[in-house]
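All ligand and atom numbering here is 1-based and tracks the order in the structure.
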Amino acid sequence: MSKIVANYKVNFVDADFKKLLKRMDGFSFKNAEFIVCPPYTSLHIFKNKSVLLGAQNLSSTDKIPTGEISAEMLKDMNVKYVILGHSERRKAFFETDEQIRNKVLKALEFGLKPIVCVGESLQNKKKGETLSVLEKQLNTILRDIYTNELENIIIAYEPVWAIGSGNAIKKSDLQEIVKNIKFILEKMYGKLFVNKISILYGGSVNVDNYQSIISVKGIDGLLVGGVALDFEKLFKIIEGLN
Ligand code: PGA
């Protein structure tokens, strides 16, 4: 079973999501778990449908109320997944690994599955810091999570330089990085639990490169942004995963 998470960011309004829902109607997802992550304002379109629904953020605290959305509110919308720590939020809102960790804990407390985004910047990559950046992010965000919660955690490896750039990672590089992510997780949780955590890749996935990405050992699925806006392309990928 491969996961495909569609991150709609600030794209689309209700009318567009109704079209997506129509496109999904009667489609047999077989081997693909399709998780739709619309903006908060359109979650209601999917609320009472048999759709795997995700949000793009949540508030880690109930103490800063204005404008925030809590885990409880997401639960009430039938949300099952939540993208946390996306690099666009880290950059725009200065989200730290520690804050992302608090959001992960809040998600787990309410039975939501966190999709935790990690990845290096272009500068990190050029300096050869990719693995140390990943280790630091994972060590901070996922430290001391109860092992019985690990199967509810999804890591999305998203190199920042690949997001929206049209430049996806090379298969050989992804192979190496996934191996190392597993190694980091093994150091944190031991061999027995490493494979409980799913690992997705995100960053310029498209119809031409998804097959090579999904064929990488240890990759359990894809996180897509831009390509999800084009239903023909999106469903071509979903069909390919089936
Ligand atoms: P992209 O976005 O597929 O457009 O690169 C992925 C993401 O931002 O998660």
Considering heavy atoms of the protein only, find what lies nearest to atom 8 (O) of ligand 1 and give residue, atom and distance to 0.1 Å. Lys9 NZ, 2.6 Å
So if I count the atoms of ligand 1 from 1 in the order they appear, which ones are less than 4.0 Å from some heavy atom of Gly203? 5 (O)
Could you tell me whether the side chains of Asn57 and His86 share a donor-acceptor contact shorter than 3.5 Å? no
At the 4.0 Å heavy-atom cut-off, does Gly202 count as touching ligand 1? no
Report yes if the side chains of Leu20 and Phe231 come closer than 4.5 Å at any heavy-atom pair, otherwise no. yes
Using the rule that Ile, Leu, Val, Met, Phe, Trp and Tyr join whenever any side-chain heavy atoms are under 4.5 Å apart, tell me whether Leu241 and Val178 fall into a single cluster. yes
If you measure every N/O of Ser165 against every N/O of ligand 1, is any gap under 3.5 Å? no
Quick one: nearest non-hydrogen protein atom to atom 9 (O) of ligand 1, plus distance? Glu158 OE2, 2.7 Å
Determine whether the side chains of Thr130 and Asn124 contain a donor N or O and an acceptor N or O closer than 3.5 Å. no
Please list, in number order, the atoms of ligand 1 under 4.0 Å from a heavy atom of Leu223. 9 (O)
Closest approach of any protein heavy atom to atom 4 (O) of ligand 1, naming residue and atom: Gly226 N, 2.8 Å
Would a 4.5 Å heavy-atom cut-off, applied to side chains only, mark Ser70 and Leu58 as touching? no
Write out the residue and atom name of the closest protein heavy atom to atom 3 (O) of ligand 1, then the distance separating them to 0.1 Å. Gly225 N, 2.9 Å
Looking only at heavy atoms, what is the nearest atom pair of Leu21 and Ile45, with distance? CD2-O, 3.7 Å
So is there a nitrogen or oxygen of Ile163 less than 3.5 Å from a nitrogen or oxygen in ligand 1? no
Testing the 3.5 Å rule here: is there a donor-acceptor pair between the side chains of Asn209 and Lys171? no
